[in-house]
Colleague: 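This is the structure, below, for whatever I ask next.
Worth knowing before you read on, the calculation uses all heavy atoms, side chains too, and leaves out hydrogens, waters and symmetry mates. One-based numbering along the sequence shown.
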Amino acid sequence: MSRQNSVATNESQNQFIMSTYKSEFLKVLSERGFIHQMSDETGLDKLLNKETVSAYIGFDATAPSLHAGSLVQIMLLYWFQQTGHRPIVLMGGGTTMVGDPSGKDESRQLITTEKIAENKDGIKQVFSQFLEFGDSGKQAVMADNADWLLDLNYVEFLRDYGRHLSVNQMLGRDSVKLRLEREQHLSFLEFNYMVLQAYDFVELNRRHDCRMQMGGSDQWGNIVSGVDLGRRCGTDELFAVTTPLLTTSSGAKMGKTASGAIWLSKEMLPVYDYWQYWRNSEDADVARFMKLFTTLPLDEITRCEKLQGAEMNEAKKLLATEATAMVHGREAAELAAETARKTFEEGAVADTLPTISVDRSDIANGIGVLTLMVQAGLATSNGEARRHIKGGAVRINDEAVSDERLVVTADMLAQSEVLKLSLGKKKHVLVKSG
């Protein structure tokens, strides 16, 4: 295989880690474990070392916020700007209307244009903590593929670009091949997703001189389709970089928990809960997560990697605070850390814990503990809440709850009219009468 066409796989990924790069960006990526696949490694390294380069990652607007599963891609854009280049955040106002089949066993639920616009507004807010936006130099650009996709003339598009796109190659892409091999339905709408993503790359090259697309490894086929389309359309050489798809050491998917997604919006997930997500990391994941999701120096991370026992718990607190600071700011992260310290080390009820308000009349008349757990977000259903109680995981004001029929009444609230509802040792919600 030629150097230009070399691609990292799980077996050969170490070639990137061991490589000596001249460009600062690829040095950072290789040292911190971001690289899974790359097109023309040598050519990209030379380009990044000699000039300011523009690169993009696309984000479809399928939810009101991004979650922790998107953090690797966001951190790619962060490091790209920090090492002197211009990141492009591409909002998928157009592609969200189609739906990406990558990694899906069935068609994505289509959403309205109004909901897409609402979701885009929420997603845009995430990037304000990571990137500096503007109109010059390495300042980031926020683009939206609805600006060009929604006005395409279908017949003209087929004539101008359809002849450059190989159906043979498209059928070989994992996102398509896996669905066909399993005899699962793949609509013509979804089949066109990679066509639109390839065209996005070419359009961004024309509008913003974009030379590189980055994404998760499940996007490799879509990204190299854009590289190939650009070559056939006469652009300068385009490049592709993908990251590994991450799971925790126990095999869980990043950004998801039993109780739901780890959202990057404080309106959808309290900052304290976000901090706790990282505090609860498995020992084997701490150093890896520090490299990917914080800006801690590598020598500090190496020191933390060697810790054990109680000292590892301190490393987890550091991970939680630094990862939270990246998303929610330093002040909010420190407040979450202090809340945890008061709750667990002093046994106090910190008023900065996640809080829900229950109507006074409900408290006066009595509210079932199962219902209260669901309202507090500590269970998704009465059945799940019941299982937690049977497992001995539920406490009210630090007293174990053993009766699933328990009714919470006003006399159980403290003088400040607040009650602490706990699930396990690390999930606490204050219930206030309002």
Side-chain angles (χ1 to χ4, degrees), residues 63-65 67-68 250 252 255-281 313 317 320 324 328 332 335-434:
S65 175
H67 59 66
S250 60
K256 301 278 188 177
T257 66
S259 58
I262 303 302
W263 298 107
L264 305 184
S265 165
K266 64 182 180 181
E267 284 73 31
M268 298 181 69
L269 183 76
V271 176
Y272 175 80
D273 287 351
Y274 187 82
W275 187 94
Q276 279 292 341
Y277 171 74
W278 297 105
R279 169 63 181 83
N280 294 338
S281 297
N313 288 332
K317 294 175 187 177
T324 302
H328 296 294
L335 182 60
E338 178 63 12
T339 297
R341 188 188 68 79
K342 286 183 177 180
T343 302
F344 301 118
E345 297 176 15
E346 297 181 2
V349 177
D351 60 8
T352 48
L353 283 171
T355 303
I356 64 166
S357 179
V358 177
D359 191 271
R360 289 180 183 273
S361 62
D362 289 339
I363 291 291
N365 296 326
I367 182 171
V369 65
L370 301 181
T371 300
L372 191 60
M373 286 188 66
V374 173
Q375 288 188 16
L378 296 178
T380 56
S381 66
N382 284 358
E384 183 184 348
R386 186 176 292 111
R387 289 191 294 274
H388 286 318
I389 290 174
K390 288 181 177 180
V394 180
R395 290 177 176 270
I396 291 180
N397 294 333
D398 297 325
E399 295 291 333
V401 176
S402 58
D403 184 0
E404 66 189 55
R405 295 168 297 181
L406 175 71
V407 175
V408 177
T409 56
D411 60 359
M412 299 174 69
L413 274 63
Q415 291 183 350
S416 57
E417 294 194 339
V418 64
L419 171 150
K420 185 171 74 169
L421 182 62
S422 305
L423 176 63
K425 296 180 179 180
K426 297 179 179 178
K427 290 188 176 181
H428 307 275
V429 175
L430 297 184
V431 179
K432 292 187 177 182
S433 174

Colleague: side-chain contact (heavy atoms from CB on, under 4.5 Å), that's the test. Do His328 and Lys266 meet it? Break it down for me.
Modeller: CA-CA 8 Å; His328 296 294; Lys266 64 182 180 181; 3.9 Å; yes
Colleague: Supply the atom-to-atom distance Glu404 CD to Arg387 CZ, rounded to the nearest 0.5 angstrom.
Modeller: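 Answer rounded to 0.5 Å: 11.5 Å.
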Colleague: How far apart are the closest heavy atoms of His428 and Ser422, and which atoms are they?
Modeller: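 Between these two residues, the closest heavy atoms are ND1-OG, 2.7 Å.
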Colleague: Can you give me the closest heavy-atom contact between Asp403 and Val369, atom names plus distance?
Modeller: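 It is O-CG1, 4.0 Å.
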Colleague: Taking side-chain contact (heavy atoms from CB on, under 4.5 Å) as the test, write out the residues that go with Ala376, two or more places apart.
Modeller: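 Scan of Ala376 (side-chain contact (heavy atoms from CB on, under 4.5 Å), adjacent residues dropped) gives Ile356, Leu378, Leu421, Val429.
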Colleague: For Arg279, which residues count as a side chain to side chain donor-acceptor pair (under 3.5 Å) partner, sequence neighbours excluded?
Modeller: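 With sequence neighbours excluded, Arg279 shows a side chain to side chain donor-acceptor pair (under 3.5 Å) to no residue whatsoever.
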Colleague: Within a strict 4.5 Å, meaning less than it, do heavy atoms of the Val408 and Val431 side chains meet?
Modeller: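 Not touching, per the 4.5 Å side-chain cut-off.
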Colleague: Listed by chain and number, what are the side-chain contact (heavy atoms from CB on, under 4.5 Å) partners of Ala252, not counting sequence neighbours?
Modeller: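 Residues passing side-chain contact (heavy atoms from CB on, under 4.5 Å) with Ala252: Thr248, Ser250.
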Colleague: Measure the acute angle between the ring planes of Tyr274 and Trp278, then classify it against the limits of 30° and 60° as parallel, tilted or perpendicular.
Modeller: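 Perpendicular.
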Colleague: Indicate the atoms forming the closest heavy-atom contact of Ala340 with Trp275, along with that distance.
Modeller: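 Here Ala340 and Trp275 meet closest at CB-CZ3, 3.4 Å.
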Colleague: Salt bridge (charged side-chain N to carboxylate O under 4.0 Å, His left out) between Glu338 and Arg341: does it pass, once the steps are laid out?
Modeller: CA-CA 5 Å; Glu338 178 63 12; Arg341 188 188 68 79; 2.6 Å; yes
Colleague: How many angstroms lie between CG in Leu423 and CD1 in Ile389, if you round to the nearest 0.5 Å?
Modeller: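 Taking CG in Leu423 and CD1 in Ile389, the distance rounds to 10.0 Å.
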Colleague: Rounded to the nearest 0.5 Å, how far apart are CG of Asp273 and CE of Met268?
Modeller: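 The CG atom of Asp273 sits 13.0 Å away from the CE atom of Met268.
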Colleague: List the atom of Leu264, the atom of Ser65, and the distance in Å for their closest heavy-atom pair.
Modeller: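 Distance-wise, the nearest heavy atoms are N-OG, 3.7 Å.
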